Amino acid sequence: MHRARQHAESQTRERRHRLAHEAARLMAEGGIRDYHQAKLKAAGRLGIHDDASLPRNTEIEDALREYQRLFAGAGHGTQLRQRREAGLRALEFLHGFAPRLCGPVLDGTADANSPVQLQLHSDDADAVQRFLEEHRIPAESRMRRLRLDRERTLDVPVWVFSAEGLTFDVAVLPYDALRQPPLSSIDEKPMRRASAAQLRSLLAEDEIRGYLDSP
């Protein structure tokens with residue numbers, strides 16, 4: 001009985017591993033941004049439908065990092081640095097709104113399809129729209145639901161625009177959210193974010209690492 005249970009658990013772990021890596025491949029090659037969508041599509045492709053075999057988002061994120069390390073090559077690092085440098089210029093441009101960089105560009109999983117995601121903070125819901133209009137930046141308006149904690153959610157305005165050949169995705173949060181970041185959809189922990197100063201430090205670390213790794 002014990003051996004049969006061990007065998008079943010081993011099979012479940014193997015299926016989770018396969019699903020995580022297939023979902024990561026779909027995200028890397030197909031431009032899928034949503035972890036839940038990627039895991040369900042992977043499950044359909046592999047014919048695995050039991051809930052116990054579905055990997056956690058963190059498992060898919062780890063598999064995505066491994067996939068990019070193995071297959072994306074130097075181009076991934078170049079794309080990532082380009083987006084981080086553009087993100088820094090955007091943080092400086094939008095400094096009046098206590099901006100923060102977040103998402104794949106910050107965590108290092110960004111690819112050619114990834115927008116530069118920013119979070120701005122203002123208690124005036126229309127202030128960012130006015131700022132963009134004053135600087136003649138055409139932007140598309142959207143809404144996004146964020147989780148403030150395990151019990152509360154908030155619908156926030158999002159502005160999407162293009163600059164420097166890249167897509168920028170800018171969410172506008174209340175000023176209180178500067179102290180209490182919303183929860184990440186990946187691990188349900190407070191979202192990792194970076195100020196302009198923190199992003200400058202990250203870019204400097206990347207440059208030093210690249211220098212040390214070069215032949």
Side-chain angles (χ1 to χ4, degrees), residues 24 26-28 30-38 57-58 60-62 64-65 68 72 76-122 125 127-129 131-132 135 137-148 153-203 206:
L26 291 171
M27 294 183 75
I32 298 175
R33 301 264 62 86
D34 182 84
Y35 280 75
H36 185 67
Q37 179 187 354
N57 290 344
T58 52
I60 298 174
E61 184 181 44
D62 289 342
L64 179 58
R65 292 182 190 279
Q68 291 173 331
H76 175 253
T78 301
Q79 291 175 349
L80 182 60
R81 184 168 185 86
Q82 177 194 19
R83 281 163 173 73
R84 285 177 171 174
E85 289 175 343
L88 178 58
R89 289 189 287 273
L91 292 177
E92 293 169 343
F93 178 65
L94 295 161
H95 67 91
F97 298 101
R100 297 291 186 269
L101 178 71
C102 59
V105 172
L106 178 60
D107 67 36
T109 60
D111 56 29
N113 300 304
S114 300
V116 179
Q117 291 186 323
L118 305 178
Q119 290 181 357
L120 310 186
H121 301 84
S122 175
V128 174
Q129 179 181 6
F131 182 87
L132 294 175
H135 289 83
I137 299 174
E140 176 186 347
S141 174
R142 300 178 184 176
M143 293 295 291
R144 178 171 301 145
R145 178 160 294 179
L146 298 176
R147 295 183 64 190
L148 298 179
T153 61
L154 179 68
D155 292 327
V156 302
V158 176
W159 296 97
V160 179
F161 58 88
S162 297
E164 302 184 27
L166 300 173
T167 299
F168 288 79
D169 177 301
V170 178
V172 186
L173 281 65
Y175 207 81
D176 281 350
L178 188 59
R179 295 192 303 271
Q180 182 182 0
L183 300 184
S184 166
S185 61
I186 298 175
D187 59 11
E188 297 187 349
K189 295 179 180 179
M191 192 176 294
R192 183 188 173 201
R193 307 189 299 182
S195 65
Q198 291 167 328
L199 183 53
R200 287 190 199 97
S201 296
L202 180 60
L203 284 166
D206 288 344

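Treat the numbers as computed from the prediction; the structure is a model and nothing was measured.
- Side-chain contact between Asp169 and Leu118 is absent, with no heavy atoms from C-beta onward closer than 4.5 Å.
- Every pair passing side chain to side chain donor-acceptor pair (under 3.5 Å) that includes a residue from residues 89-103 is listed here, sequence neighbours excluded: Arg89-Glu164, Glu92-Arg200.
- Ile137 contributes atom CD1, which lies 12.5 Å from atom CD of Gln129 (distance to the nearest 0.5 angstrom).
- At a threshold of 4.5 Å between non-hydrogen side-chain atoms, the residues Trp159 and Ser141 count as touching.
- Counting all heavy atoms, side chain and backbone alike, Ala112 lies closest to Arg83 at O-NH2, 3.1 Å.
- The two residues Val172 and Val156 have their closest heavy-atom pair at O-CB, 3.4 Å.
- For the pairing with Asp155, the salt bridge (Lys or Arg N to Asp or Glu O under 4.0 Å) check across Arg147, Arg144, Arg145 returns one residue only, Arg145.
- Using modelled atom types, no side-chain atom of Gln37 and backbone atom of Asp34 make a donor-acceptor pair closer than 3.5 Å.
- Considering every non-hydrogen atom in both His76 and Gly108, the closest pair reads CE1-O, 3.3 Å.
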- Take Leu148 and Thr153 through the side chain to side chain contact (heavy atoms under 4.5 Å, CB included) test and state the conclusion after the steps. CA-CA 5 Å; Leu148 298 179; Thr153 61; over 6 Å; no
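- Put simply, the side chain of Leu106 reaches to within 4.5 Å of the side chain of Leu202, judged on heavy atoms.
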Tabulate below the donor-acceptor pairs under 3.5 Å that side-chain atoms of residues 176-185 make, not counting sequence neighbours, or state none.
| unit_1 | atom_1 | unit_2 | atom_2 | d |
| --- | --- | --- | --- | --- |
| Asp176 | OD1 | Arg179 | NH2 | 3.3 |
| Ser184 | OG | Ile186 | N | 3.0 |

- Take Gln119 and Met191 through the test side chain to side chain contact (heavy atoms under 4.5 Å, CB included) and record every step on the way to the result. CA-CA 11 Å; Gln119 290 181 357; Met191 192 176 294; 3.1 Å; yes
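- Look at Asp111 and Arg33 and you find a salt bridge, because one of the NZ, NE, NH1 or NH2 atoms lies within 4.0 Å of a carboxylate O, short of that distance.
- For Arg84, the salt bridge (charged side-chain N to carboxylate O under 4.0 Å, His left out) partners are Asp206, not counting sequence neighbours.
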- Message: One pair to check against side chain to side chain contact (heavy atoms under 4.5 Å, CB included): Leu91 and Leu199. What are the steps and the verdict?
- Response: CA-CA 9 Å; Leu91 292 177; Leu199 183 53; 3.9 Å; yes
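- Heavy-atom minimum distance, Ala90 versus Phe168: CB-CE2, 3.7 Å.
- Judged purely by atom type and a 3.5 angstrom limit, Gln68 uses its side chain to pair as donor or acceptor with the backbone of Thr109.
- Nearest heavy-atom pair, Ala86 versus Leu166, reported as atom, atom and distance to 0.1 Å: CB-CD1, 3.6 Å.
- Closest non-hydrogen pair, Leu80 versus Pro104, comes out as CD1-O, 4.3 Å.
- With values rounded to the nearest 0.5 angstrom, Lys189 atom NZ is found 8.5 Å from Thr58 atom OG1.
- Sorted by first then second residue, the ring-ring contact (aromatic ring centres under 6.0 Å, His included) pairs that include residues 179-200, not counting sequence neighbours, number zero.
- With hydrogens and angles disregarded, no donor-acceptor distance shorter than 3.5 Å links the side chain of Arg65 to the backbone of Ile60.
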- Step-by-step side chain to side chain contact (heavy atoms under 4.5 Å, CB included) determination, Leu101 to Val116: CA-CA 8 Å; Leu101 178 71; Val116 179; 3.8 Å; yes
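- Side-chain contact check for Val170 versus Leu120: some heavy-atom pair is nearer than 4.5 Å.
- Between the side chain of His121 and the main chain of Leu173, no donor-acceptor pair closer than 3.5 Å is present.
- Every residue two or more places apart in sequence or in another chain that forms a ring-ring contact (aromatic ring centres under 6.0 Å, His included) with Phe131 is listed here: Phe93, Phe97, His135.
- For Arg81, the salt bridge (charged side-chain N to carboxylate O under 4.0 Å, His left out) criterion is met by Glu85, Glu207, not counting sequence neighbours.
- Side-chain atoms of Asn57 and Asp187, non-hydrogen and from C-beta on, never get closer than 4.5 Å to each other.
- The CG atom of Leu94 sits 11.5 Å away from the OG atom of Ser122 when rounded to the nearest 0.5 Å.
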